[in-house]
Amino acid sequence: GLYMLTGVLLLTSALVAASDPKPKLQLTARLRTAGALLIQGLPVMLMLFVLFPRVPGPLWELPSDARSGISGLDDSMSPGSINRLIRSNEVAFRVRFEGSAPARGQLYWRGPVLWHYDGRAWRGGAVQVPAQPSAGSDPVVQDIILEPHNRLWLFALDVPQAPASGARLTHDGQMLARAPVEERVRYRVTSALASEARGPLNPAVRAAALQLPAGLNPRSRALAGELRANARDDAELVRRALQLFRDQPFVYTLEPPRLGRDAMDEFLFETRRGFCEHYASAFVYILRAAGVPARVVTGY
């Protein structure tokens, strides 16, 4: 800041000298004049700082490339539509635990839940019976300071036992504020890390968790059928699907190729390059095609 201020002061003094038809002012006099001009401009600067909208990135990058994106969460997910993902270093939220923090492998803060897939994008809209805490699970209390994101999502470790004050808990385990989060908010929530779904799925929920568009991704469907035929039960099928990503030459990259009409087929059998949404989408697609109810749970 001091370096920039010095540069602005010297540039302004140069302008003072250039505007003087008969250069008679000494350097100290030009600096005093430049300093007075900067002090006079200070109120205007403060007014613009408060009132002028600040956009992420330089102005010459607007509008941003429609084929690029910034890492973060949204209420939809379109694997294959972005060929460049830029990492965001902005803080999403801060957490303080009451007592010791859970193990790192248990730190997953639940966000939007995506159910419906139309062949291009995953979106929310279905209902789900929330998972109930299992017997003996220790509750984890979190004090969370959430940065504004202009959406309704409030994050909690999976799964929240009850909504935070002033929020509501949906049937599929999302915690939502009453109004978009437009300023920093603080809330306390209790989660049960060890949880299990009790009882059979509601038929409408099962149908929503098995929905797939017809006529797309025939190779992915054939792969799911093969996994189904070779698995003794659903748990083994899930393990085989995960092992597929470990054994085959898949690559994690923030600059994957774009995908076409049969996006899952192209990713699983041709490009095998992508980031988190590619892998989550392909995994859920395989499970659904194999008859296992599944959906995408986003989060941090």
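For clarity, every value in this text was computed on a predicted model and none was experimentally measured.
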What residues form a side-chain contact (heavy atoms from CB on, under 4.5 Å) with [X], not counting sequence neighbours?
X    : answer
D118 : H116, R120, A121, R123
A235 : D233, R239
P218 : D262, D265
R151 : D74, D75, H149, W153

So which pairs with a foot in residues 37-48 pass salt bridge (charged side-chain N to carboxylate O under 4.0 Å, His left out), sequence neighbours left out?
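As it turns out, there is no salt bridge (charged side-chain N to carboxylate O under 4.0 Å, His left out) pair with a partner in residues 37-48 once direct neighbours are skipped.
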Give every residue pair that meets the salt bridge (charged side-chain N to carboxylate O under 4.0 Å, His left out) criterion with at least one member in residues 178-187, sequence neighbours excluded.
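As it turns out, the salt bridge (charged side-chain N to carboxylate O under 4.0 Å, His left out) pairs with a partner in residues 178-187, which skip direct neighbours, are E147-R184.
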With a 4.5 Å cut-off on side-chain heavy-atom distances among I, L, V, M, F, W and Y, is there a chain of contacts connecting [X] to [Y]?
X    : Y    : answer
W122 : V205 : no
F275 : L242 : yes
I144 : L152 : yes
L9   : L27  : yes
L287 : L227 : yes

Residues that Y252 engages under ring pair (Phe, Tyr, Trp, His ring centres under 6.0 Å), provided they are two or more places apart:
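Residues passing ring pair (Phe, Tyr, Trp, His ring centres under 6.0 Å) with Y252: none at all.
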Ring pair (Phe, Tyr, Trp, His ring centres under 6.0 Å) against F283, all qualifying residues, sequence neighbours excluded:
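With sequence neighbours excluded, F283 shows a ring pair (Phe, Tyr, Trp, His ring centres under 6.0 Å) to no residue whatsoever.
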Which atom names give the shortest non-hydrogen contact between [X] and [Y], and what distance separates them?
X    : Y    : result
F155 : V189 : O-CG1, 4.5 Å
Q142 : L157 : OE1-N, 3.0 Å
L259 : A263 : CD1-O, 3.5 Å
P160 : G173 : CG-O, 3.9 Å
M175 : A156 : CE-CB, 3.9 Å
L237 : A290 : CD1-CB, 3.6 Å

Could you tell me which residues satisfy side-chain hydrogen bond (donor to acceptor under 3.5 Å, both in side chains) with Q248, sequence neighbours excluded, listed by chain and number?
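Counting only residues at least two positions away or on another chain, Q248 forms a side-chain hydrogen bond (donor to acceptor under 3.5 Å, both in side chains) with R272.
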Please enumerate all residues that pass side-chain hydrogen bond (donor to acceptor under 3.5 Å, both in side chains) together with N150, with sequence neighbours excluded.
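With sequence neighbours excluded, N150 shows a side-chain hydrogen bond (donor to acceptor under 3.5 Å, both in side chains) to no residue whatsoever.
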Please examine the side chains of [Y] and [X], heavy atoms only from C-beta on, and report whether any two atoms are closer than 4.5 Å.
X    : Y    : result
V292 : R228 : yes
R221 : Y285 : yes
P213 : Y117 : yes
R219 : L268 : no
L244 : L223 : yes
L46  : V50  : no
V95  : Y300 : no
R188 : S165 : no

When rounded to the nearest 0.5 angstrom, what distance separates [atom1] in [X] from [atom2] in [Y]?
X    : Y    : atom1 : atom2 : value
R168 : L154 : CZ    : CG    : 10.5 Å
L193 : L107 : CG    : CG    : 8.0 Å
I286 : M264 : CD1   : CE    : 9.5 Å
Q106 : S191 : CD    : OG    : 11.0 Å

Should the ring pair H278 and F267 be called parallel, tilted or perpendicular, given that the plane angle runs from 0 to 90° and is split at 30 and 60?
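Tilted, since the angle between the ring planes falls between 30° and 60°.
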Return yes if some donor-acceptor pair links the side-chain N/O of [X] with the main-chain N/O of [Y] below 3.5 Å, else return no.
X    : Y    : value
R261 : L216 : no
T298 : P112 : yes
Y108 : D158 : no
E236 : R232 : yes

Pair listing, ring-ring contact (aromatic ring centres under 6.0 Å, His included) test, anchored in residues 208-245, at least two apart
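Counting only pairs at least two positions apart or across chains, the ring-ring contact (aromatic ring centres under 6.0 Å, His included) contacts touching residues 208-245 are F245-F250, F245-Y279.
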Enumerate the ring-ring contact (aromatic ring centres under 6.0 Å, His included) contacts for residues 209-240, please, sequence neighbours excluded, ordered by first and then second residue.
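Output for this query is empty, none listed.
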